[in-house]
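Written out below as structure tokens is the structure these notes cover.
Just so you know, these numbers come straight off a predicted model, no measurement behind them. We name chains A, B, ... by the order of the sequence lines, and we start the count at 1 in each one.
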Protein chains: 2
Amino acid sequence: MSTHAPPPKKLRKPRSSGAITLQEVAKLAGVSPITVSRALNRPEMVKPQKLEAIQAAIRRTGYVPNLLAGGLASKKSRLVAAMVPIISNSMFAEVIEKFTDRLDTAGYKVMLGLSGFRAENEDGLIAAVLSRQPDAIFLTGVNHSRTTRSRLLAARIPVVETWDYTPTPIDMLVGFSHEKVGRTVAEYLHDKGYRRFGMISTEDERANIRKSAFLATLAERDITDVRIATITSPGNFKKGRAGIIEILDAGELPEVVFCSSDVLAHSVLTEAQTRGMSVPADLAVIGFGDLEFAPYTFPALSTVHIDRSAIGLRAAEMVLARIEEREIEKIVDIGFSVIGRGST
Amino acid sequence: MSTHAPPPKKLRKPRSSGAITLQEVAKLAGVSPITVSRALNRPEMVKPQKLEAIQAAIRRTGYVPNLLAGGLASKKSRLVAAMVPIISNSMFAEVIEKFTDRLDTAGYKVMLGLSGFRAENEDGLIAAVLSRQPDAIFLTGVNHSRTTRSRLLAARIPVVETWDYTPTPIDMLVGFSHEKVGRTVAEYLHDKGYRRFGMISTEDERANIRKSAFLATLAERDITDVRIATITSPGNFKKGRAGIIEILDAGELPEVVFCSSDVLAHSVLTEAQTRGMSVPADLAVIGFGDLEFAPYTFPALSTVHIDRSAIGLRAAEMVLARIEEREIEKIVDIGFSVIGRGST
DNA sequence: TTGAAAGCGGTACCAC
DNA sequence: GTGGTACCGCTTTCAA
């Protein structure tokens with residue numbers, strides 16, 4: 001009989017984190033790990049009796065499942081990525097809030113990506129985000145680099161583009177046409193009889209689309225001398241104030257000013273007030289976004305209403321529908337409406 | 001010779017997702033997987049030559065690492081959770097934005113948890129969030145349930161409580177004292193000579209602390225008949241308007257009104273304007289938060305300035321310091337300042 | 001500097 | 001219904 005000692009067991013240090021695992025719960029409940037897994041994910045597949053024993057064990061241990069492990073095994077991270085330029089002082093906060101709320105009720109968590117207003121930032125951000133294996137992704141805008149597009153496609157997950165419009169989204173879309181906004185506002189104001197226009201515009205991609213459409217539409221009606229002040233994104237009160245001052249000081253006052261956002265429109269109203277100009281009689285103002293304060297602070301501020309809650313909610317519904325493999329409309333134009341206040 | 005067939009190889013369906021893996025990159029580069037891993041995480045440990053071959057392979061394949069797998073193995077998710085009540089129309093958006101920005105540059109992504117203003121929501125949210133194995137967690141406020149506290153402790157991760165103050169945080173804290181805000185505002189106004197006070201307050205936990213301290217301080221100075229309008233969180237223009245109307249219509253006008261937020265203060269100013277009251281001569285107003293629009297729209301709006309960027313940034317720095325095991329101040333009172341405008 | 005092997009904590013697959 | 005087993009894709013451990 002051989003007296004060879006058994007090969008020395010390699011005693012590696014265990015790598016466990018020390019946290020309660022599903023295995024331990026299983027042992028405690030006297031079932032196999034997979035049964036615990038089922039008790040958690042599809043309780044209806046487990047006999048009520050065992051279910052109770054398992055739940056008791058879970059409560060007793062304070063077990064918290066490890067979704068990284070679960071996600072690795074099942075390929076479902078239960079994370080959804082959301083990319084927006086900014087959230088402070090912006091309309092995106094509300095969109096994200098609704099999006100997050102809705103996904104939360106379905107057990108998903110939102111991973112936030114802030115890209116700023118410069119397109120270059122998006123690529124790296126997308127890669128970083130995709131490496132967390134999100135189950136879906138929410139994007140702001142419809143113009144994305146080749147790299148981003150191909151990575152997104154490779155990830156084979158639902159993608160919702162928002163806050164803009166294209167008939168050919170990467171996957172799904174809920175938004176509105178900025179081109180149409182610019183055109184509509186121009187027509188609206190021109191039809192009201194305004195002939196001398198001013199504009200304060202940020203220079204991000206979508207504001208530029210609104211601007212071009214606004215100018216083009218006016219040009220069709222033979223108005224080509226629009227006074228334009230351009231400012232950097234994100235717009236704020238200070239920049240807006242500088243913009244309107246630039247316009248007003250240049251002489252030949254416009255009758256109406258179209259602003260890239262309600263915040264900018266507000267600056268205009270403030271400046272007008274300072275100068276003793278009456279709004280809209282001496283100077284009419286129209287903004288964009290319909291921020292909450294708008295109708296309260298300056299009742300004479302007209303604006304373009306965007307239903308931000310609807311965008312967030314709808315985007316969440318689209319994502320969920322796709323994850324649950326339900327049928328769904330893939331392209332939704334949520335529209336907008338021009339709100340005339342103070343008879344602008 | 002036996003003709004037994006070899007034991008049938010179990011042909012299980014492979015579970016791979018089909019995405020490029022580190023293994024494949026390794027094969028392509030002619031090295032072992034672990035070397036690729038090192039090339040990614042500690043490139044200085046890999047010979048430059050191999051490094052290049054590996055990077056080439058990565059580029060060629062468009063490989064995106066799977067951080068779920070990496071996180072499971074290393075116990076580092078590179079995810080940080082942030083819990084705030086809301087982000088839209090609120091001061092928290094800016095805090096979160098700065099927090100996210102800073103962590104982003106360090107390779108972390110923020111997972112957003114919106115708890116609303118009701119404490120009950122927090123427990124479930126915390127559990128859901130912890131199951132994603134965040135490397136750290138950002139909390140709003142300092143009052144958390146037993147369950148939440150013990151779960152947080154069990155998770156053994158850095159915890160930063162914010163937007164409030166306590167000498168005994170769960171782990172770390174960056175914030176300010178709402179009690180002190182209430183007291184300071186009361187003293188400030190009283191010292192200015194005001195004797196008849198009004199108050200519009202939301203009923204969330206921290207607003208209540210400010211209110212109590214405000215009232216207690218006034219009581220010490222023999223002022224006990226403060227007109228109070230209470231509204232539900234989150235406050236908005238409409239609710240604020242209703243609040244001030246309630247106060248003004250009740251007779252015996254206050255000389256000054258302290259509001260839970262700048263948004264509410266704005267409603268007051270709007271209503272005052274409507275009634276032809278001059279601010280601050282007929283009615284002075286002081287808000288809380290120092291929102292961007294405040295000094296622009298109504299130059300007469302005094303407020304309490306909270307440096308939200310600093311809170312977000314500082315919280316991020318604390319988290320990073322702890323993750324990188326650097327020494328750091330664990331409790332930071334960021335303070336606040338009363339800003340008197342329009343001679344309030 | 002590099003690699004082989006084991007393991008992280010779950011779930012898919014298949015058999016019973 | 002339930003359980004055994006392999007495996008998800010990466011990193012740690014340990015040895016070379």
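The side chain of B/S37 contributes an N or O atom lying less than 4.0 Å from OP1 or OP2 of D/dT11. In this model, the phosphate group of D/dG9 is not approached by any side-chain N or O of B/Y63 to a distance below 4.0 Å at OP1 or OP2. Close to D/dT11, at under 4.0 Å from its OP1 or OP2, lies no side-chain N or O of B/S74. An OP1 or OP2 oxygen of D/dT11 is reached within less than 4.0 angstrom by a side-chain nitrogen or oxygen of B/N41. For B/T35, no side-chain nitrogen or oxygen approaches OP1 or OP2 of C/dT2 to under 4.0 Å.
Of the candidates B/V46, B/L28, B/V31, B/L51, B/V36 forms a side-chain contact (heavy atoms from CB on, under 4.5 Å) with just one, namely B/V31.
At whole-Å resolution of the value, CG in B/L40 and C1' in D/dT11 are 12 Å apart. Atoms CG (B/L68) and C1' (D/dC8) sit 10 Å apart, rounded to a whole Å. Atom NZ in A/K76 sits roughly 10 Å away from atom C1' in C/dA12 (whole-Å rounding). Here the C1' atom of nucleotide C/dC8 and the CG atom of B/L72 are 4 Å apart, to the nearest Å. With rounding to whole Å, B/M45 atom CE is found 12 Å from D/dT13 atom P. In this structure, CD of B/E44 is placed 10 Å from P of C/dT1, rounded to the nearest angstrom. Remark: C1' of D/dC10 and CD of B/E24 are 13 Å apart, rounded to the nearest angstrom. Taking atom CD1 of residue B/I58 and atom P of nucleotide D/dC10, one finds them 10 Å apart after rounding to whole Å.
The side chain of A/Q23 sits closest to C/dG10 out of D/dC10, C/dT2, C/dG10. Closest contact between the side chain of A/S17 and the listed nucleotides C/dT2, D/dC8, C/dG9 involves C/dG9. The A/K50 side chain lies nearest to D/dT2 when the options are C/dG10, D/dT2, D/dT11. In the set C/dG9, D/dC10, D/dT2, the nucleotide with an atom closest to the side chain of A/A69 is C/dG9. Comparing D/dT2, D/dC8, C/dG3 by their closest approach to the side chain of A/R38 singles out D/dT2. Side-chain atoms of B/I34 lie closest to D/dT12 of the nucleotides D/dG9, D/dT12, C/dT1. Ranking D/dC10, C/dC8, D/dC7 by closeness to the A/S16 side chain, first place goes to C/dC8.
Taking the charged nitrogens against the carboxylate oxygens, A/R42 and A/E44 have no contact shorter than 4.0 Å, which rules out a salt bridge. Comment: B/D171 engages B/K330 in a salt bridge, judged by a side-chain N to carboxylate O separation of less than 4.0 angstrom.
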Let's go through B/S115 and B/E122 carefully: what are the C-alpha distance in whole Å and the side-chain angles of both, what is the deciding distance for side chain to side chain donor-acceptor pair (under 3.5 Å) to 0.1 Å, and is it a yes or a no?
CA-CA 6 Å; B/S115 56; B/E122 198 177 58; 5.3 Å; no
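With sequence neighbours left out, the side-chain hydrogen bond (donor to acceptor under 3.5 Å, both in side chains) criterion links B/D101 to no other residue.
Along DNA chain D, the nucleotide closest to A/K75 and the one closest to B/A73 are compared, and the more 5′ of them pairs with A/K75.
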Output a table of donor-acceptor pairs, distance under 3.5 Å, between side-chain atoms of residues 105-113 of chain B and any protein atom two or more places apart or on a different chain; print 'none' if there are none.
residue	atom	partner	partner atom	Å
B/T105	OG1	B/R102	O	2.7
B/T105	OG1	B/R102	NH1	2.7
B/K109	NZ	B/D104	OD1	2.8
B/K109	NZ	B/D104	OD2	3.3

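The base of D/dC7 is paired with the side chain of B/R15 by a donor and an acceptor separated by under 3.5 Å.
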